[in-house]
Amino acid sequence: MRSFHFMVWMKKTITLKVDPQEPDMEKIRIAAGFVRRGGLVAFPTETVYGLGADALNTKAVQALFEAKKRPLDNPPIVHVGHVRDVRRLVEDVSSDGEKLMREFWPGPLTLIFRRSKIVPDVTVAGLDTIAIRMPRHNVALALIRISNCPISAPSANLAGKPSPTLARHVLDDLNGRIDAVLDAGPTNIGVESTVLDLTVNPPQVLRPGGTPFELLKKALGRVELNPVVTAEKQLPVEKARSPGVKHKHYAPDADVVVVEGELPAVVEEVVELTKFYKRRGSTVGVLCTDETTQYYDADVVKSLGSRSDLASVARNLFRLLREFDLEKVDVIVAEGLPLEGLGLAVMNRLRKAAGYNIVKA
């Protein structure tokens, strides 16, 4: 029996290099063929690389959970190629839903609706709701449209690891476990989509991401942040209505400590923690910003970019967390950022990567 299980994961994973703007349709057709036959294909979106399976094929979605070692109670997001595709997957679309799809799709916003009967239980982790988005990436849209089915696609990494922003990251985690990777270079946003629950009133952000909270408030008026978004410790969640809420996420192999507060105090605390861990014999990495790199004397210092450019900070986050692993650091001391705009999404990911090991400076 064991040898059979070994064979399941000895798939040959093929890499199909495509142009992000004008992908070679022959390669897209090859990838779509895998999806239609119940296979698994990693593909780029504007946020991170996703691992796709036919959302209406129970066996394919089960294989997706298995390939990622993803807990079965963590619902993936279903990706569609057209707004009209939402209708058969949901019970109804509210006026808020219509407005948001008009304004923000295609884009990094996932909306939660009541699911329709055609959606298999495994696709929604047994919930009565479904999370759907339409990605803003020509390769993703071409794959979904040519596959001619909605595609379930969590991030294309092993569960718990930092999300992949390059095809190389996908292969590091999933080579031999999936059928193909569409490689279109680095993703643009670098953190996952914002997840907004439209089944509650007022609508509630369950996961901050590529669409800032401020824009949603402007569009709808009343929108709330679920307590898990800004949590500084692990909160009990009975049923996760969204990915990124319940389980350990985004974590490198190294231990992570996040230092939060006013910048001068943060710098001072990072310097002290670096000395402390070095005295203990640890290899120390510091994750900082352009404005502060010169203050640190760690074994490895990496900058996310400038504090005035949160888009580049978000884009670099997961790549740098993975690079620290390649450089075999034992502990990463990370600077906190303001909880606004994309900073909210970055801090949500960093706190989770640290297992809520937060030091207030």
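All values derive from a computational prediction rather than experimental measurement. We're numbering straight along the sequence, starting at 1.
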Under the salt bridge (Lys or Arg N to Asp or Glu O under 4.0 Å) test, which residues partner R349, sequence neighbours left out? E192
List the steps, then state whether ring-ring contact (aromatic ring centres under 6.0 Å, His included) holds for Y250 with F318. CA-CA 8 Å; Y250 322 117; F318 290 137; 5.5 Å; yes
Using a strict 4.0 Å threshold on nitrogen-to-oxygen distance, state whether R322 and D173 make a salt bridge. yes
Which pairs pass salt bridge (charged side-chain N to carboxylate O under 4.0 Å, His left out) with one or both residues in residues 309-320, sequence neighbours excluded? R319-E323
Identify, with sequence neighbours excluded, every residue that meets side-chain contact (heavy atoms from CB on, under 4.5 Å) alongside V124. R115, V119, I130
Any carboxylate oxygen within less than 4.0 angstrom of a Lys/Arg side-chain nitrogen, looking at R168 and D183? no
Between R136 and E46, is the closest basic N to carboxylate O distance under 4.0 Å? no
Using 4.0 Å as the upper bound for N to carboxylate O, is an ion pair formed by E232 and K360? yes
Exercise answer: donor-acceptor pairs, residues 26-39 side-chain atoms, under 3.5 Å, sequence neighbours excluded:
{"unit_1": "K27", "atom_1": "NZ", "unit_2": "K17", "atom_2": "O", "d": "2.9"}
{"unit_1": "R36", "atom_1": "NH1", "unit_2": "I146", "atom_2": "O", "d": "2.6"}
{"unit_1": "R37", "atom_1": "NH1", "unit_2": "G33", "atom_2": "O", "d": "3.4"}

Listed partners of K99 passing salt bridge (Lys or Arg N to Asp or Glu O under 4.0 Å), at least two apart: E103
Non-neighbouring partners of D325 that pass salt bridge (Lys or Arg N to Asp or Glu O under 4.0 Å), sequence neighbours left out: none
For F324, is the NZ or CZ atom of K302 found under 6.0 angstrom from the centre of its six-membered ring and inside 45 degrees of the ring axis? yes
